[in-house]
*Asks:* 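My questions will all concern the structure given below.
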Amino acid sequence: MRVDVPPAATPSRLLAALRELGFVAILFVVYKIGRVAATGHVGEAFSNAHTLWDLERWLHLPGELSFQHRLLSWPGLVGVANSYYAYVHFPATAAVLIWLYVYRPAHYRWTRNVLALLTGAALLVHFGYPLAPPRMLTETGMLDLARIYGPAVYGAPETDHLSNQYAAMPSLHVGWAVVIAVVLITVTSSRWRGLWLLHPVITLLVVVATGNHYWLDAIAALALLAVAYLVMRPQYPAMQLPEPLPAALPHPRTPLDEPALRL
């Protein structure tokens, strides 16, 4: 049995890793700059939020308010949900990308490109469809659980100039979580690998219950992700089958010593 061991670090591999890290960092900075540049249009963001809220009620989607009330009935889980929203999204994605880069480089490149395409499409939506999150619709009864119970990711919208809080559509938390779950299920062989789907499921429940996203934000993210998968499908890494073992050559038969006859 052969066990694949990642090749030892060499100067060329370290240089390639640094280049890749710089490329990902540039993509992240460009996204953050674009997200901040898409801020503003506060009135339009709230108008779109009320329209979306009414649309979800017309579609008979589960109410975000009812989910938030269920979470509040378990006070111990409120902080856990806020922490999951604040601390799992980026670290989990980065950890999986690093693991893929080391152990599954072909799938790393494909996954990175899918994430970049999905994030770029989301940025265009932020420009064209500003949307206030449910936690800002106080007249509906929704609460900003992160600000009340902590930990909080965002400051007050009036003074927070480092993030665009009017970019709820689509939910990249959900989109990225689905990408991570799909690739881990694809490249691992454990009988329990289907449990990776818990990450996007928990993420969806968290972003809705904490008031950071609508159900339709998640649906929009899945739609954009489906398009990204279709676009990137020709670049999907081919499954590498193990090399067949060489056929065993027949050993020449050697005559057995016959036991001496006993008289």
Side-chain angles (χ1 to χ4, degrees), residues 1-25 27-28 80-81 83-122 170-208 218-249:
M1 181 179 65
R2 187 182 67 182
V3 178
D4 293 331
V5 178
T10 62
S12 59
R13 283 180 57 82
L14 291 177
L15 183 60
L18 290 176
R19 284 199 303 264
E20 185 62 31
L21 180 62
F23 176 71
V24 173
L27 289 178
F28 178 75
V80 174
S83 297
Y84 200 94
Y85 180 85
Y87 302 134
V88 174
H89 176 53
F90 281 109
T93 305
V96 172
L97 287 176
I98 293 172
W99 184 85
L100 290 173
Y101 182 83
V102 175
Y103 295 100
R104 302 289 191 276
H107 283 86
Y108 162 79
R109 288 188 292 270
W110 186 76
T111 303
R112 178 203 63 188
N113 293 339
V114 168
L115 286 173
L117 187 58
L118 170 63
T119 306
S171 172
L172 285 178
H173 272 71
V174 174
W176 286 19
V178 171
V179 173
I180 294 306
V182 168
V183 71
L184 287 177
I185 291 174
T186 302
V187 302
T188 57
S189 57
S190 170
R191 61 184 296 184
W192 304 104
R193 64 186 183 275
L195 293 177
W196 288 114
L197 290 174
L198 289 176
H199 177 43
V201 171
I202 294 174
T203 300
L204 173 61
L205 298 178
V206 163
V207 299
V208 171
I219 294 175
L222 294 178
L224 290 178
L225 181 57
V227 174
Y229 276 135
L230 288 175
V231 172
M232 297 304 302
R233 184 177 180 181
Q235 299 183 19
Y236 186 79
M239 295 298 293
Q240 297 180 353
L241 300 176
E243 298 180 0
L245 297 176
L249 298 177

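Sequence positions, counted from 1, serve as the residue numbers for this chain.
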*Asks:* Taking S190's backbone N and O only, do any of them form a donor-acceptor pair with T188's side chain (distance below 3.5 Å, no angle check)?
*Replies:*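 Absent.
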*Asks:* Could you give the distance from CG (L172) to OG1 (T119), rounded to the nearest 0.5 Å?
*Replies:*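 Between L172 CG and T119 OG1, I get 5.0 Å after rounding to 0.5 Å.
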*Asks:* Looking at CG of L197 and CD1 of I180, how far apart are the two atoms once the value is rounded to the nearest 0.5 Å?
*Replies:*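 Here the rounded value is 12.5 Å.
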*Asks:* Minimum heavy-atom separation for V178 to P200, with atom names?
*Replies:*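 Of all heavy-atom pairs spanning V178 and P200, the closest is CG2-CB, 3.7 Å.
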*Asks:* How long is the gap from CG on L117 to CG on L224, to the nearest 0.5 Å?
*Replies:*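 Reported value, rounded in 0.5 Å steps: 9.0 Å.
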*Asks:* Specify whether Y85 and H173 have parallel, tilted or perpendicular ring planes, treating 30° as the upper limit for parallel and 60° as the lower limit for perpendicular.
*Replies:*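 Rings of Y85 and H173: parallel, as their planes differ by under 30°.
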*Asks:* Between L118 and A221, which heavy-atom pair has the shortest distance, and what is it?
*Replies:*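 Closest heavy-atom pair between L118 and A221: CD1-O, 4.0 Å.
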*Asks:* Apply side chain to side chain contact (heavy atoms under 4.5 Å, CB included) to V187 and W99, showing your working.
*Replies:* CA-CA 11 Å; V187 302; W99 184 85; 3.7 Å; yes
*Asks:* Give the intermediate values and the outcome of side chain to side chain contact (heavy atoms under 4.5 Å, CB included) for residues V114 and L225.
*Replies:* CA-CA 8 Å; V114 168; L225 181 57; 3.8 Å; yes
*Asks:* Specify the closest pair of heavy atoms between S171 and V207, including all atoms of both residues, with the distance to one decimal.
*Replies:*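 So the minimum-distance heavy-atom pair works out to OG-CG2, 4.4 Å.
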*Asks:* In terms of the angle between their ring planes, are Y236 and H107 parallel, tilted or perpendicular, with boundaries placed at 30° and 60°?
*Replies:*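 If you compare the ring of Y236 with that of H107, the planes turn out perpendicular.
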*Asks:* Verify side chain to side chain contact (heavy atoms under 4.5 Å, CB included) between L97 and L115, making sure each step is shown before the conclusion.
*Replies:* CA-CA 10 Å; L97 287 176; L115 286 173; 4.1 Å; yes
*Asks:* What heavy-atom pair brings T203 and V174 nearest, and what distance separates the two atoms?
*Replies:*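 In this case the closest contact between T203 and V174 is CG2-N, 4.0 Å.
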*Asks:* Please assess W176 against H199 for the test side chain to side chain contact (heavy atoms under 4.5 Å, CB included), listing each intermediate value before the final yes or no.
*Replies:* CA-CA 10 Å; W176 286 19; H199 177 43; over 6 Å; no
*Asks:* Near W110 CH2, under 6.0 Å, is it more than 12 heavy atoms from other residues, nucleotides or ligands?
*Replies:*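 For W110, atom CH2 is crowded (more than 12 foreign heavy atoms under 6.0 Å).
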*Asks:* Hey, what do you get for CG (L100) to CZ (R109), rounding to the nearest 0.5 Å?
*Replies:*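 So the CG of L100 and the CZ of R109 are separated by 11.0 Å.
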